[in-house]
Number of protein chains: 2
Amino acid sequence: MVHPGHGDSTSLGAAPRNATIQDVADAAGVSRAAVSKVIRNAYGVSPQMRSKVEAAIAQLSYRPRVAARAMRGPSHTLGIEIAQVSNEFLTMIVRGALETLVGTPYQLVVAPVTAPHETGNALQSLADRQVDGIIAISPMVGEAWLEALSDRIPVVIIGRHDVSTHYDTVAGADRSGTDQVMAHLFDLGHSRITHLTIDNAREHILVDDPTDWQRSGREPHAIRHTVYTEQMRRRGLEPEVLYTGGDELEAQSSAAELLARREPPTAIFAGNDTLAMGALRAVAEAGLGPADVSVVGYDDITMASHPLVSLTSVDQSGTRIGAEAVRLLLERIAGRTESVQVEEQVHLRVRGSTAPAPHRGTTTE
Amino acid sequence: MVHPGHGDSTSLGAAPRNATIQDVADAAGVSRAAVSKVIRNAYGVSPQMRSKVEAAIAQLSYRPRVAARAMRGPSHTLGIEIAQVSNEFLTMIVRGALETLVGTPYQLVVAPVTAPHETGNALQSLADRQVDGIIAISPMVGEAWLEALSDRIPVVIIGRHDVSTHYDTVAGADRSGTDQVMAHLFDLGHSRITHLTIDNAREHILVDDPTDWQRSGREPHAIRHTVYTEQMRRRGLEPEVLYTGGDELEAQSSAAELLARREPPTAIFAGNDTLAMGALRAVAEAGLGPADVSVVGYDDITMASHPLVSLTSVDQSGTRIGAEAVRLLLERIAGRTESVQVEEQVHLRVRGSTAPAPHRGTTTE
DNA sequence: ATGAAAGCGCTAACAA
DNA sequence: TTGTTAGCGCTTTCAT
């Protein structure tokens, strides 16, 4: 009658280990299977059985162990890989994901990436955890790698514009966003425009094989970079790109150095808002303002709309993107097999950080 | 020889399920135990055994299932409960925790709390997940509840100044911080100072029993509120508290309404920086500046130091607090049994958002 | 409608 | 040093 291994623990006042399904079954005088059915709301339980069991559950304050359940079926855990926890846009994505998960039985485990080449490890550790699905934010691994991963487990990639039959993608319209930025700056009369972008934009993709290089153009910062260059050339202007770390303070010092040059730009187009905020720091501390150098960001984080900051930026709602990613993942888990690509519209929010290009050479001095 | 249930799957080209420890054992021609020892770096494996097994592991690209391991021992998962994902200070704590976990086998699952009374559920869902430890950020549950939880699983509470024998705490010196704020404002000549704090500061603790009310004074916002009131009374001034939602935009509209009153305050002491940023929005949009109304925040989030914002705030490093919490948790897991309370020093960072109180009644009109 | 029993993949005694 | 075996707590056929 007694489950083997449970012995007669009545003897010593042993540490009252958490109740198991067997304990509940014993207390209610039914089988484990019966209890299992009750807690899963499965078909085929009589009302009296149900109430007996529920009483025992309450009395023992029994809680099913998630790990044990995960051995048979889903772990009810989703994983999210995130490169830079200090980037507000990225945390907005996480927030959107978290909010969408409220009310579902799913929880989210966060796998931060310390260095680009560690991305694979982060994703792998999520896979080891038997998560039911993975959200990867602009992961810096090759497509073949992702294909292999998504072959075993549902994956949605945020940011990259890949077209895979295995995984889904959610991305902002980076070409359009960048076009809007450049058009705006050109309208304002700027011609000396520097693009401030993150250091590893060039090596954003960890290649599996050399041909993979060609695909690197699908990473958001790479696209913004490319479109910026195209637009400049189209106007007969010389593109100028400044690489920096992904951190606000690093961006600040890069920008400060830029402004100290003999012929500083009249506008800075930052690859994301974190970099833009850093650029804004540099501008302010150089005693300059929008009339001297315009700054445009990308992402439209919360701070961009703050009246004291008023950063012109491309709005791509991080929370919406995160929410969408979760939705796609849940669909996949529910059985969808065809892959889907979502491209979110983006809009330039014009604010006070951009102004007409200063006249040049009008006055002597 | 063959493990029961594994049958002779050589027949059909069945979906190549992930390799198990048994598959590795078979491939290497050794026992499961041997493989287990190898992957755990346990004592007692000969070099040739090790290399044979490792070859098989590589060949099958075998990965141990975390869930299966968690059934016997630790899950190598830590949980963190967080009330407001949109509050940058709170996400800094998460970041600090994440960073400290790098290089350890632990991962973090995030349990967001949607409403104060849902806190218990969030914590419970972490416990169900068999996490090895829980970090709770100013959880709004009674002490008895926490005691019960920490009785079964290591817990460290961030923010609250409880003294428990069961769980550890990490908190900033809220009395000291608030004292510094008030002294600064008094020094500047302010007397009409409004305290802007979050709505549920009053009901921050979900009481188990009525006497628990007395303990609510241990929650950070409650302490700041209390000290503010004490300080005002000590100077013979009438405290004025304005309650608002925890969100920046809600704080903005509350502050806007405050500024529209007949006799608006000359200074606003916000309970945290998110509220302060909202207040700053209201001030700026009313066409006012520090000369009209000073704003002080609490937490010193990244934005506070931005030259365009320049918010005077109490510095309590979120990342350091998060890191400390993880450290304590890991210690507990490693065996420590006595509880420890850490109180972090805090420092007021005086910046441009505070200025001398405007003269009053000097000029008519 | 209910229960018996066989696993899920892994670890940890205990033998050999 | 290596292998055997008994579970960990739960779900799930398959009988009854």
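Here the structure is a predicted model, which is why all the values come from computation and not from measurement. Residue numbers begin at 1 in each chain, while the letters A, B, ... track the order of the sequences.
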ask   = Does B/Tyr62 make a side-chain N or O approach to OP1 or OP2 of C/dC10 shorter than 4.0 Å?
value = yes

inquiry  = Under 4.0 Å from OP1 or OP2 of C/dC8: is there any side-chain N or O of B/Thr20 that close?
reply    = no

request  = Mark yes or no for whether B/Arg50, through its side chain, and B/Asn41, through its backbone, hold a donor-acceptor pair below 3.5 Å.
outcome  = no

task = Ignoring backbone atoms, establish whether B/Ser36 has a side-chain N or O less than 4.0 Å from OP1 or OP2 of C/dT11.
result = yes

request  = Compare side-chain N and O positions of B/Arg69 against OP1 and OP2 of C/dT11 and report whether any pair is under 4.0 Å apart.
outcome  = yes

ask   = D/dC10 C1' sits how many Å from A/Gln22 CD, rounded?
value = 11 Å

inquiry  = Heavy atoms from C-beta onward define the side chain here; which of C/dG9, D/dT2, C/dG7 lies closest to that of A/Arg72?
reply    = C/dG7

query = Can you check the A/Asn18 CG to D/dC10 C1' distance for me, whole Å?
reply = 15 Å

ask   = Side chains of B/Ser125 and A/Gln107: is there a donor and an acceptor less than 3.5 Å apart?
value = yes

inquiry  = What is the separation between atom CG on B/Leu60 and atom C1' on C/dG9, rounded to the nearest whole Å?
reply    = 15 Å

A/Ser31 side chain near C/dG3 phosphate (N/O to OP1/OP2, under 4.0 Å) = yes

query = Quick one: A/Ile39 CD1 to C/dT2 P, roughly how many Å, whole number?
reply = 16 Å

query = Rounded to whole angstroms, how far apart are CE on B/Met71 and P on C/dT11?
reply = 12 Å

inquiry  = Starting the side chain at C-beta, find the nucleotide from C/dT11, D/dG9, C/dA1 nearest to B/Ile21.
reply    = C/dT11

remark   = A/Val45 has its side chain closest, among D/dC10, C/dT2, C/dG3, to C/dT2

task = Establish, with yes or no, whether the OP1 or OP2 oxygen of C/dA12 is under 4.0 angstrom from a side-chain nitrogen or oxygen of B/Arg40.
result = yes

ask   = Roughly how many Å is it from CZ in A/Arg32 to P in C/dA1, rounded to a whole number?
value = 22 Å

